[in-house]
Amino acid sequence: MNRLTKSLLIAIYLCAASTGMLAASANLIANIPGRTHISLDGTWRAIIDPYETGMGARFYENAKPKTPRDLVEYDFDTSAILNVPGDWNSQRAELFFYEGSIWYKKSFSYHKRDHARVFVYFGAANYKALIYLNGQKLGEHEGGFTPFNFEVTGQIREGDNFLVVEVNDQRKLENVPGTVTDFWNYGGLTRDVSLIEVPETFIEDYWVQLAKGSLNEVEGWVKLNGVSGPQQIVAEIPEAGIKQPVTTDDKGYGHFRFPANLTLWSPENPKLYQVMLTGAGDSVGEQIGFRNVETRGSRIFLNGKPVFLRGISLHEEAPFRGGRAFSEEDDQILLNWAKELGCNFVRLAHYPHNEKMIRLADRLGLMVWSEVPIYWETAWENPATLKNAQEQLHDLIARDHNRASVVLWSVANETPINAARLAFLQALIAQARTLDSTRLITAALNHYEHTSPNTVVLSDPLAPSLDVVGLNEYLGWYGSERPEDCDHLQWSLPNEKPLIVSEFGGGAPFGSHGDSDTRWTEEYQANLYERQINMLRRIPTLAGMSPWVLMDFHSPRRLLPGVQDYRNRKGLFSDQGERKQAFYVLQRFYREVKEAPRQAGKTD
Ligand code: GCU
């Protein structure tokens, strides 16, 4: 990490402090699982507030009538119950389509500890959250898929406390994502909520990864919170006999780089090391993998070797019960299905998935494409929308920068070509490169056209700004082509960059059968996969794929009765875990690719 990047990182922290971006919430505390935490998960009281009465009525005071004459027109403790974590849509039938405000309240008892600072941490809240403790406003957060925390050391009481959160998931064009998505707008406190206890000076965040372009040097930094003057920290990898002293500056920032002979993380051998950081009165540790990912020409290299990304796209939707996935169990089922397909890669669409999913990908040996929800139409010219997108990207990278599995940051999915969009996305790309020079930057593009009956050309002015080009194409499903037309189609693509076909696919409810020319049948879907795979393997720059999609998922845009019923049916699995014929087509191809890896630049 050169001096420039280091000073830029500090600058980002400092300017973040000055721009009030942090006014919304404190710096993200890294590695929450590795901290002392008290869960506030479980049942919460909830007031469904369609006309946003709560702010005027000061619901955040959680008031009770003091005298029989008092007029208080709400009462959390006799209101509905919602589970946290969990979206509200899949918990109560009357909330399935609900978009608006719901006020949550959690009463809890707390015992203060000397010299401890306390933060309240949210894994995510969709979409906009206003947070109050004991009637006092802590702050607010916007964006449904990234974590946030507030310091409450000064507000939390010995004994009884109550946390009130207004969550509103109304869709607006200036939001990120905007108003129209092909996925359900699951509202609520969708991930864990907990109290975090740390010492007065604590290790707020750290970066411990292989240095860019190196296979045997670790580079990183540590950031202390609550420091007064330089501190001594030790970065340790006990299994590798590494004990590296680091001196922080008076702002609590310390940089390090040291040689390390480590077993590198890969899908075949997802080796993780226990890494500890200790000093300044605090100690925190976690399992971290070390790997290097880069591109050379049109190939992707992992640890210096060419790799083909055998992938699948998936939504963060729970199998069997539906709703937003949030638990280790949900994630384990989804990623095990991907492994069963023969995947070494998953595209987590179209927003940051829960942290457990990423840590599980580390353990299972699945490379990850992680994406911020710049999806379809967005308010490209609105500076607040750009700032919001930058905050979501910043927080995603802040949460997952120590995850070996994450190899790609995606800044957008299927966005229209115009100058404002280009500037918007290039600003995000520049920010991602500043925050993390060690991972690859991509986006899912979908602007292609026929230049002759047999030639399809992808043309998008954003492509030159990417390390890896993502392509979403639905030949054989949307548009006039039939699956058979893929047999003679040749793609013309930017040939100096690796290509990941980030989406292709077709819909079929499980158990719907007919001839392969009949839409909505498993036979049609399987035939489409056969034809697509044969077409794509003819592309010299093909470095991977993540067909659309692992499992059928809820979508407010899929309305065909008896076929879709508010679900997108392009899954290779039904939502009940049934494998469709196309599952076996892709599994067979991945088995073949695994046994006979594609030669550099060679088509099959
Ligand atoms: C798009 C989009 C997905 C969507 C899919 C589909 O490409 O990226 O979010 O679900 O196509 O149409 O099924």
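Whatever order the structure lists them in is the order used to number ligands and atoms, beginning at 1. Quick caveat: nothing in here was measured; it's all calculated off a predicted structure. Counting begins at 1 with the first residue of the sequence.
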Scan the side chains in residues 339-346 for donor-acceptor partners under 3.5 Å anywhere in the protein, sequence neighbours excluded, and list what turns up.
| unit_1 | atom_1 | unit_2 | atom_2 | d |
| --- | --- | --- | --- | --- |
| K339 | NZ | L364 | O | 2.7 |
| E340 | OE1 | R579 | NE | 3.4 |
| E340 | OE1 | R579 | NH2 | 2.9 |
| E340 | OE2 | R579 | NE | 2.7 |
| N344 | OD1 | R310 | N | 2.7 |
| N344 | ND2 | F308 | O | 3.0 |

Aromatic centroids of W548 and Y474 separated by under 6.0 Å:
no
Do F583 and F510 have their ring centres less than 6.0 Å from each other?
no
Checking E391 against V176 for the side chain to side chain contact (heavy atoms under 4.5 Å, CB included) test, could you report, in this order, the C-alpha distance in whole Å, the side-chain angles of both residues, the deciding distance, and whether it holds?
CA-CA 10 Å; E391 280 172 11; V176 176; over 6 Å; no
Residues that F96 engages under ring-ring contact (aromatic ring centres under 6.0 Å, His included), provided they are two or more places apart:
W184, H554
Among all residues two or more places apart in sequence or in another chain, which pass the ring-ring contact (aromatic ring centres under 6.0 Å, His included) test with Y351?
F145, F183, H315, H353
Who's touching ligand 1 if we go heavy atoms under 4.0 Å?
D182, H350, Y375, N413, E414, N472, Y474, Y478, E503, W548, F553, R558, N568, K570
